[in-house]
Amino acid sequence: MPEVYNWHLGRKMTYVFDEAHPKKQFAAVFNINRCIGCQTCTGACKATWTFSKGQEYMWWNNTESKPYGGYPQHWDIKILQQLDDAHAAAGKKAEWDTSQASDTAPYGVYNGMTISEAAGADQQALGYLPEDKEWRAPLFYEDTSTAYKGDRLGISQEGASLPEHQTWFFYLTRICNHCTYPACAAACPRKAIYKRPEDGIVLIDQARCRGYRKCVEQCPYKKSMYRGTTRTSEKCVACYPRVEGTDPLSDGVPMETRCVAVCPGKIRLNGLVDIAADGSWAEAPQHPLYYLIKVEKVALPLYPQFGTEPNIYYIPPRWAPRPYLRQMFGPGVDEAIARYTAPSRQLLAVLQLFRTTQRMLFRFEIEEGPLVLETEVNGEAWKMYDDTVIGFDAKGREAVRLSVVEPLHERPAERMNSI
Ligand code: SF4
Ligand code: SF4
Ligand code: SF4
């Protein structure tokens, strides 16, 4: 099998196709700390793409409550268990060597096996086909927290203190990751799944698909779904007319997807990053996504050990137990949370850009403002400035301008009780 470079793993890995990369890659950052579990994203995708017969159970976007929830049920526990079993059978450990971290291996080197490397001779990757009942309820265990250590009356003698809550859950909102090395495409015996060279969006050619469901079986994130009425599989299409700038609203420039654009929690930022011929991200420190993922390393891939190099990145929740988060987002978790909780001057400004315009942002600039707060965070001195961040669209036009301190608008006296 050919070898390809996976920068999430910091090493080469085997993959069914030769290394080839798009010019740009569809990507996003989701800030878990801000998600309120409102499912507006879920409804927006459903109302746009999956409202027809045979698509009733399809939630291309879903928001599940961790640690117990998942759609389909227990999808990640199941694939993690398969990966654990494969390591045990091979006498290997799924460990990261963070001492080897470098520019091309920002999280260090993963010495364990990916789902592709751990697969048997008759499979492209580890996987399983969920039973119908596992798809029946997208919100199983919604808002269900871990057990509480309090007494009979629910009062804990220990109290709760950061950095980790004693009892916790968080919302993990998910779409297809438009992976660099998609397991769904590797698995398809009809070669019906392809990655677009212009933007890296992964699509299923409905004319070629025969509904063998190998993609459903081998996507580790379970984001390919079978439609009984057409006998083909379908998945998130990354709202490609909006990304192409062909949506009537877009004024000819790429727009954020529907699930991103509607988010009231302002947790999402979506864009296109430039990809070099070798698959690395072309250096662009003024690109908001490049800045968050590559410069600040505050946003991390979901289950990087699966080996598909997913392109949706997460700012991890700051209060959940670190071992759980390291399993989910890799070894960069501690650094990411430290940087998020005491953000640099520039990071605090860039974090304001989330969900403020429907136009995709390709560049940001910061105008410095006055010092407004001096305090202590994580035991160290921390300063906050009222800087202004400006975001620019694909044509280089100013799309949004925001200050770190939100402006205060006082209602005129004559409209005090105007409701
Ligand atoms: S998340 Fe799954 S369906 Fe989406 S590109 Fe990756 S492997 Fe394919
Ligand atoms: S990107 Fe578009 S198609 Fe994909 S989950 Fe979001 S709304 Fe649905
Ligand atoms: S719309 Fe935003 S805040 Fe609401 S569930 Fe989706 S990602 Fe979370």
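The figures here come from the full heavy-atom set of this structure, side chains too, leaving out hydrogens, waters and symmetry mates. Remember, it's 1-based here, ligands and their atoms both numbered in the order they're listed.
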In terms of residue, atom name and distance, what is the protein heavy atom nearest to [atom]?
{"atom": "atom 8 (Fe) of ligand 2", "answer": "Cys45 SG, 2.3 Å"}
{"atom": "atom 4 (Fe) of ligand 1", "answer": "Cys176 SG, 2.3 Å"}
{"atom": "atom 1 (S) of ligand 1", "answer": "Asn177 N, 3.4 Å"}
{"atom": "atom 3 (S) of ligand 1", "answer": "Lys235 CE, 3.5 Å"}

Less than 6.0 angstrom separating the ring centers of Trp96 and Tyr107, yes or no? no

Are the ring centres of Phe329 and Tyr313 closer than 6.0 Å? no

Heavy atoms of other groups near Lys266 NZ, more than 12 under 6.0 Å: no

Is Val243 close to Ile201 at the side-chain level, that is, under 4.5 Å between some pair of heavy atoms? yes

Parallel, tilted or perpendicular for Tyr303 and Phe306, by the 30°/60° rule? parallel

Fit a plane to each ring of Tyr181 and His21, take the angle between them on a 0 to 90° scale, and name the class: parallel (under 30°), tilted (30 to 60°) or perpendicular (over 60°). perpendicular

Are Thr48 and ligand 2 in contact, using a heavy-atom cut-off of under 4.0 Å? no

Tell me whether Ala238 reaches ligand 2 (any heavy atom closer than 4.0 angstrom to a ligand atom). yes

Please list, in number order, the atoms of ligand 3 under 4.0 Å from a heavy atom of Thr63. 5 (S), 6 (Fe)

Where ligand 1 meets Tyr221 - atom numbers and elements under 4.0 angstrom, heavy-atom basis: 1 (S)

Counting only heavy atoms closer than 4.0 Å, does ligand 1 sit against the backbone of Lys222, its side chain, both, or neither? neither

Does any N, O or S atom in Cys41 come within less than 2.8 Å of atom 2 (Fe) of ligand 3? no

Out of Cys35, Cys263, Pro264, Cys259, who gets a non-hydrogen atom closest to atom 2 (Fe) of ligand 3? Cys263

Considering the options Tyr171, Tyr314, Phe354, which one meets the ring pair (Phe, Tyr, Trp, His ring centres under 6.0 Å) requirement together with Phe30? Tyr314

